[in-house]
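Everything below concerns the one structure shown next.
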Amino acid sequence: MTFERIAFIGLGNMGVGMAANQAKAGREVRAFDISPAALEHAAAAGCMPASSIAEALANVDAVITMLPAGPHVRSVYAEQVLGHAPKTAVLVDCSTIDVDSARTVAAQARDQGYIFADAPVSGGTAAADAGTLAFMVGCDEEAFPNVESALVPMSRITIRAGDHGAGQAAKICNNMLLGISMIGVCEAVALAERLGLEPERFFEVASKSSGQCWSLTSYYPWPGPVPAAPSNRGFTGGFATAMMVKDLKLAQDAAARAGATTPLGAQAGALYALFDRLGHGGKDFSALIQMLRGRLEDLV
Ligand code: NAD
């Protein structure tokens, strides 16, 4: 299947870069967002702004959504996409949402004869802009090749995690692990500092020892050793603490429903929620180190 015309709904921090990469690949991108400012960004990035979802959907080969949370996805699909998009269009939701919402929308789409996939992403805004996101997909096996080609201009890698909802399950588990491992790195750096060990030297040791992990080697919460990490720019940009709180809540809700035991995920959720309540929800999640160091005043 070829993808010449795409409807892209939700052009926020992530969506605008993703839609821009679809346009750069030569696809006609009909963009819609309820925010006029977001629509302007999309137009500047080579997309065709639509005045409504209905207008964006005309004759498209695929519909891609990048919305904040489950309720947005449920209502946009139930009220404005299903029954309105061409029946041949591949529908792909890239938002991070709860597994139940993903499965509900998938069932509604299937009832109406559509191909639907949940395809949340890993990589953040830099990867969205660069077209190097990792997609984790939940869809029927035979639908996967078409879903994968719809995502190509935005992706570094696309993995089918399983049937509907499996993409969201993979995303939630991955982010729970990320949230926990970052707190571990922040605690270790804060302890190293108290013990008189320079955080830069600790990096040298731990990055080559058994404490090595992505949060340490790719996202070190202390400026210097990893120049691209948000710690080098006052913890701005990156992945907002408020988003991490949302993802850890999704993980805890899923764990409660599935009867899984995730005590560290619960602790991590509580710590990021506290940091958020203290007014730092907009900072990158690695800024939590300043709370552990007792240096919240360093965050401006
Ligand atoms: P965002 O809030 O910047 O963008 C969401 C956009 O959706 C906004 O522009 C908003 O106006 C629009 N929107 C809301 N309701 C709408 C509707 N009914 N119709 C049309 N547009 C509507 O959020 P974001 O950072 O782009 O994140 C989007 C999703 O991607 C979230 O689920 C988030 O968890 C996930 N995600 C974000 C990151 C990141 O680093 N920001 C990384 C991975 C995954």
Side-chain angles (χ1 to χ4, degrees), residues 7-21 29-43 45 47 49-57 63-82 84-85 92-99 101-102 105 118-130 132-137 151 154-156 167-168 170-176 178-179 182 218-219 228-230 235-251 272 276 281-287:
F8 206 111
I9 304 167
L11 303 153
N13 292 328
M14 294 292 289
V16 71
M18 294 164 71
N21 283 316
V29 181
R30 308 267 186 77
F32 180 76
D33 195 294
I34 49 173
S35 151
L39 262 190
E40 274 175 34
H41 289 148
C47 304
S51 58
S52 64
I53 291 183
E55 187 187 312
L57 295 177
V63 179
I64 299 176
T65 46
M66 193 56 169
L67 296 162
H72 306 83
V73 174
R74 281 178 184 253
S75 79
V76 163
Y77 276 91
E79 292 157 27
Q80 298 182 76
V81 174
L82 300 178
H84 302 280
V92 188
D93 177 45
C94 300
S95 330
T96 301
I97 64 170
D98 57 290
V99 175
S101 289
V105 174
D118 50 293
V121 304
S122 175
T125 51
D129 293 345
T132 55
L133 291 165
F135 287 85
M136 17 203 140
V137 178
L151 300 176
M154 312 184 290
S155 63
R156 170 175 56 81
Q168 296 297 349
K171 170 74 184 170
I172 288 168
C173 295
N174 180 74
N175 276 25
M176 185 178 80
L178 171 66
M182 178 53 77
S218 296
Y219 223 82
F235 300 100
T236 55
F239 185 48
T241 296
M243 287 282 188
M244 179 55 89
V245 171
K246 180 192 97 165
D247 289 0
L248 288 172
K249 185 167 183 320
L250 288 176
Y272 289 111
D276 186 3
K283 293 281 184 205
D284 180 77
F285 72 115
S286 64

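Computed from a predicted structure; not experimentally measured. Heavy-atom basis, side chains included; hydrogens, waters and symmetry copies ignored. Order of listing sets the numbers, starting from 1, for every ligand and every atom in it.
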Student check: side-chain heavy atoms of I9 and V81 closer than 4.5 Å: yes
Counting from 1, what ligand 1 atoms have a heavy atom of I9 closer than 4.0 Å? 20 (C)
Can you tell which part of I97 has a heavy atom less than 4.0 Å from ligand 1: side chain, backbone, both or neither? neither
What atoms in ligand 1 come closer than 4.0 Å to a heavy atom of F239? 39 (C), 40 (O)
Can you tell me if Q80 contacts ligand 1 (heavy atom of the residue under 4.0 Å from the ligand)? no
Atoms in ligand 1 with a heavy atom of V121 nearer than 4.0 Å: 43 (C), 44 (C)
Any N/O pair K171/ligand 1 closer than 3.5 Å: no
Any idea which protein heavy atom is nearest atom 36 (N) of ligand 1, and the distance to it? T96 OG1, 4.0 Å
In terms of atom number and element, which parts of ligand 1 are under 4.0 angstrom from non-hydrogen atoms of H72? 15 (N)
Residue, atom name and distance, where the atom is the protein heavy atom closest to atom 23 (O) of ligand 1: M243 CE, 3.8 Å
A69 touching ligand 1 at heavy-atom level, < 4.0 angstrom: no
Considering non-hydrogen atoms only, spot the tightest contact between D284 and F239 and give its length. OD1-N, 2.8 Å
Just to be sure I read this right, does ligand 1 sit under 4.0 Å from the backbone of M14, its side chain, both, or neither, counting only heavy atoms? both
Do you know the tightest heavy-atom contact between A119 and L151? CB-CD1, 4.2 Å
Can you give the donor-acceptor pairs under 3.5 Å from side chains of residues 29-40 to other protein atoms, not counting sequence neighbours?
from, atom 1, to, atom 2, distance (Å)
R30, NE, E28, OE2, 3.0
R30, NH1, A58, O, 3.0
R30, NH2, E28, OE2, 3.1
D33, OD1, S35, N, 2.7
D33, OD2, L11, N, 2.6
S35, OG, A37, N, 3.4
S35, OG, A38, N, 3.0

Which pairs pass side-chain hydrogen bond (donor to acceptor under 3.5 Å, both in side chains) with one or both residues in residues 67-79, sequence neighbours excluded? T65-Y77, R74-S101
Heavy atoms, side chains only, cut-off 4.5 Å: are K246 and T96 in contact? yes
What do you reckon, does L67 have a nitrogen or oxygen under 3.5 Å from a nitrogen or oxygen of ligand 1? yes
